[in-house]
Student: 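Following this message is one structure expressed as structure tokens.
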Number of protein chains: 2
Amino acid sequence: MEARKILLVEDDPNFGAILKDYLIINDFDVTLAKNGMEGFEKFKKDIYDLCILDVMMPYKDGYTLAREIREKNQEVPIIFLTAKTLKEDVLKGYKVGADDYLNKPFDSEVLLMKIKAIIQRKASEVKPDNTKFEFEIGKFHLNSKLRFLSFQNEEPVKLSPKECELLKMLALHENDLMPRELALTKIWRDDNYFTSRSMDVYIAKLRKYMKRDENVEILNIHGEGFRLVVKK
Amino acid sequence: MEARKILLVEDDPNFGAILKDYLIINDFDVTLAKNGMEGFEKFKKDIYDLCILDVMMPYKDGYTLAREIREKNQEVPIIFLTAKTLKEDVLKGYKVGADDYLNKPFDSEVLLMKIKAIIQRKASEVKPDNTKFEFEIGKFHLNSKLRFLSFQNEEPVKLSPKECELLKMLALHENDLMPRELALTKIWRDDNYFTSRSMDVYIAKLRKYMKRDENVEILNIHGEGFRLVVKK
DNA sequence: ACGAATGTTAATCTTTGGTTAATGTTTTAA
DNA sequence: TTAAAACATTAACCAAAGATTAACATTCGT
């Protein structure tokens with residue numbers, strides 16, 4: 001099998017080199033970046049199976065980098081390395097969408113197990129077409145990468161990240177049920193009263209945009225979710 | 001949203017009760033088992049979204065339980081709780097197929113974040129939903145996912161969750177007895193005088209919808225249940 | 001004919017969703 | 001670096017949808 005590609009971002013050159021070698025010995029294809037900036041550049045230039053990010057780095061810390069990576073890619077697993085054990089930091093990491101968290105010093109074998117567990121998990125997931133980023137919705141055209149929505153020959157409207165993801169999620173389920181829960185867990189990464197209300201606010205915003213085409217409607221299915229209907 | 005079901009297996013009654021309450025407060029539906037044996041029994045009797053297992057337990061330890069659970073179910077996420085910090089134990093846990101590992105004492109908020117991260121990961125896995133949701137009932141067409149009932153070329157009628165589930169249950173037993181008790185336990189999740197009367201109200205509503213096709217009827221079988229009859 | 005089960009309607013209660021605006025947070029650009 | 005702009009969340013209020021309950025009528029089985 002093709003070696004799994006790992007992006008390792010670690011500012012301590014010694015530790016970075018050792019960890020890289022260790023992973024290479026264990027049959028991974030490792031790219032090492034010395035800081036967050038470089039890490040993001042390398043992330044954009046290739047496709048990785050896993051990112052291992054140091055939290056404490058000059059210029060751009062691990063969280064910021066993780067957030068940038070998540071904007072580009074919701075799927076790739078992220079593991080944080082940190083010397084900190086502060087609760088807030090761990091929580092922050094999970095909020096950003098981390099898959100795991102490791103305190104330094106850690107045992108390399110444990111890291112290896114975690115890596116294997118995570119990569120295997122991802123491999124077993126059947127992924128939907130997440131690469132699609134252009135959608136025709138009635139007379140609208142949505143580009144979810146550039147985050148704009150155009151209507152015929154009018155000036156395209158810019159969408160906020162949340163607006164855009166929500167509309168994309170609806171579009172992926174065109175004319176079918178898009179469960180509330182799905183959007184909440186995938187986009188808001190949490191499912192409670194407030195995130196749910198927040199989502200309703202975004203539904204209202206989207207409806208406002210979409211009403212220029214009377215054949216497009218976002219219907220509610222009480223207690224279940226929403227349905228983007230496009231009449232032909 | 002339906003609360004996530006968690007199976008918590010912990011032999012320390014105090015700690016178990018506290019953790020259970022904490023999780024319940026955070027909107028999980030928690031079942032507590034006092035040992036591995038009981039844990040496995042409860043696991044077999046229901047479907048859980050997550051298992052949290054204490055490692056050190058008399059008679060049957062967490063690893064053994066995890067292995068048994070994995071035999072029945074390869075999917076359900078497992079988190080181990082342990083006072084041990086021995087490397088071998090952590091590795092053993094991952095080998096058995098754990099999703100995460102937490103050392104006692106741990107921070108409850110951290111556990112909560114881990115639970116959310118894990119459940120979200122599972123939610124994002126696309127599972128082929130092969131449950132039947134479309135039914136032909138005489139000249140009617142029922143879509144129980146989008147919850148509508150259409151009749152020939154007329155505008156489809158929206159059904160409420162209870163109406164829909166009840167009609168689906170009847171359709172699954174077309175021309176056969178659909179026992180009262182079945183609907184009450186599956187849909188109303190309770191079987192008493194009031195839920196029974198409530199169900200009768202819903203039967204009346206469904207009859208009203210269905211009378212557009214004179215070949216479709218919902219008959220009562222006194223003391224037993226109902227029968228959805230479709231004459232051909 | 002009698003009690004128990006069912007049919008029906010309407011009133012009441014509960015949950016969920018729509019909307020607007022205030023408040024908080026992050027990003028952007030000067 | 002800081003202020004403005006953009007974005008996101010929270011709060012409050014109201015409306016809509018759904019579910020239950022109560023009351024009374026009818027039917028069933030023995």
Side-chain angles (χ1 to χ4, degrees), chain A residues 40 60-61 63-68 70-71 88 92 95-96 147-149 157-167 170 177-181 183-184 187-211 217-228, chain B residues 1-3 27 144 146-149 157-167 170 177-181 183-184 186-211 217-228:
Chain A
F40 192 53
K60 186 183 285 183
D61 70 23
Y63 302 124
T64 313
L65 176 57
R67 218 174 290 119
E68 291 175 348
R70 272 280 167 273
E71 259 180 48
E88 302 83 61
K92 195 172 173 188
K95 264 198 189 117
V96 166
R147 289 211 318 256
F148 66 65
L149 179 69
V157 185
K158 283 192 202 166
L159 297 181
S160 84
K162 286 255 150 67
E163 288 170 348
C164 186
E165 285 187 84
L166 185 56
L167 183 53
L170 285 163
L177 171 68
M178 194 283 295
R180 259 195 120 76
E181 212 196 318
L184 291 173
I187 301 176
W188 274 266
R189 312 189 143 271
D190 193 6
D191 180 349
N192 61 45
Y193 173 77
F194 290 110
T195 52
S196 196
R197 298 325 324 276
S198 189
M199 172 170 165
D200 289 332
V201 172
Y202 277 90
I203 288 288
K205 291 180 188 187
L206 290 180
R207 283 192 174 126
K208 216 165 271 177
Y209 290 134
M210 309 307 279
K211 73 176 169 216
E217 244 181 319
I218 299 174
L219 300 182
N220 172 254
I221 299 175
H222 204 93
E224 298 289 334
F226 294 90
R227 189 177 158 217
L228 176 65
Chain B
M1 183 203 51
E2 187 84 353
D27 296 323
S144 69
L146 301 179
R147 284 209 323 249
F148 66 64
L149 180 68
V157 186
K158 285 194 208 166
L159 298 181
S160 86
K162 286 254 149 67
E163 289 169 349
C164 187
E165 286 187 84
L166 185 55
L167 182 53
L170 287 163
L177 170 68
M178 194 283 295
R180 257 196 123 76
E181 213 199 319
L184 290 173
K186 291 264 181 190
I187 301 175
W188 274 265
R189 307 179 167 282
D190 191 7
D191 181 350
N192 61 44
Y193 172 77
F194 289 111
T195 52
S196 196
R197 297 321 329 274
S198 189
M199 172 169 165
D200 289 331
V201 172
Y202 278 91
I203 288 289
K205 292 181 187 186
L206 290 181
R207 285 191 174 126
K208 212 168 275 178
Y209 291 135
M210 310 306 280
K211 73 178 169 215
E217 247 181 319
I218 298 173
L219 300 183
N220 172 254
I221 300 172
H222 204 91
E224 299 290 332
F226 296 90
R227 187 154 85 102
L228 175 65

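First the proteins, then the strands, lettered A, B, ... as listed; each starts at 1.
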Student: To the nearest 0.5 Å, how far apart are CG in A/Leu166 and OH in A/Tyr202?
Tutor: 9.5 Å
Student: Let me know the distance between NE2 of B/His222 and C1' of C/dC2, rounded to the nearest Å.
Tutor: 13 Å
Student: I'd like the 5' and 3' limits of the part of DNA chain D contacted by chain B, with heavy-atom contacts below 4.0 Å.
Tutor: D/dG18 to D/dC28
Student: Does any N or O in the side chain of B/Arg227 come within less than 3.5 Å of the main-chain N or O of B/Leu177, such that one atom is a donor and the other an acceptor?
Tutor: no
Student: With a 4.0 Å limit, can you tell me whether A/Arg67 has a side-chain N or O closer than that to the phosphate oxygens OP1/OP2 of C/dT26?
Tutor: no
Student: Rounded to the Å, how far apart are B/Tyr202 OH and C/dT9 P?
Tutor: 15 Å
Student: Please confirm whether the backbone N or O of B/Thr195 pairs with a side-chain atom of B/Asp190, one donor and one acceptor, at under 3.5 Å?
Tutor: no
Student: Say whether, by atom type as modelled, one donor and one acceptor occur between the side chain of A/Arg207 and the main chain of A/Ile218 under 3.5 angstrom.
Tutor: yes
Student: Answer yes or no: are there more than 12 heavy-atom neighbours, outside B/Lys162 itself, under 6.0 Å from its atom NZ?
Tutor: yes
Student: Could you state the NZ-C1' distance from B/Lys205 to C/dA10, rounded to the nearest angstrom?
Tutor: 11 Å
Student: Salt bridge or not for B/Asp200 and B/Lys205, using N-O below 4.0 Å?
Tutor: no
Student: Mind checking A/Ser160 for me? I need base, sugar-phosphate or nothing, with any heavy atom below 4.0 Å counting as a touch.
Tutor: sugar-phosphate
Student: Please tell me which of B/Val201 and B/Arg180 maps to the more 5' nucleotide of DNA chain C, matching each residue to the nucleotide holding its nearest heavy atom.
Tutor: B/Arg180
Student: Using atom CZ of B/Phe226 as one end and atom C1' of C/dT8 as the other, report the distance to the nearest whole Å.
Tutor: 13 Å
Student: Looking only at side-chain N and O atoms, does B/Lys208 come under 4.0 Å of OP1 or OP2 in C/dT9?
Tutor: yes
Student: Measure from CD1 on B/Ile218 to P on C/dT6 and round the result to the nearest Å.
Tutor: 14 Å
Student: Hey, does A/Tyr193 reach any base, or is it just sugar-phosphate, or nothing, if we go heavy atoms under 4.0 Å?
Tutor: nothing
Student: Treating B/Ser160 as the side-chain partner and B/Glu163 as the backbone partner, does any N or O pair qualify as donor plus acceptor under 3.5 Å?
Tutor: yes
Student: Can you check whether A/Arg197 has a side-chain N or O nearer than 4.0 Å to OP1 or OP2 of C/dG18?
Tutor: no
Student: Atom CG of A/Leu206 and atom C1' of C/dT19: how far apart are they, to the nearest Å?
Tutor: 14 Å
Student: Just compare C/dT6, C/dT19, C/dG17 and give me whichever is closest to any side-chain atom of A/Ala204.
Tutor: C/dT19
Student: Using atom NZ of B/Lys162 as one end and atom C1' of C/dT14 as the other, report the distance to the nearest whole Å.
Tutor: 12 Å
Student: If I take atom CD in residue A/Glu224 and atom P in nucleotide C/dT15, what distance separates them, rounded to the nearest angstrom?
Tutor: 17 Å
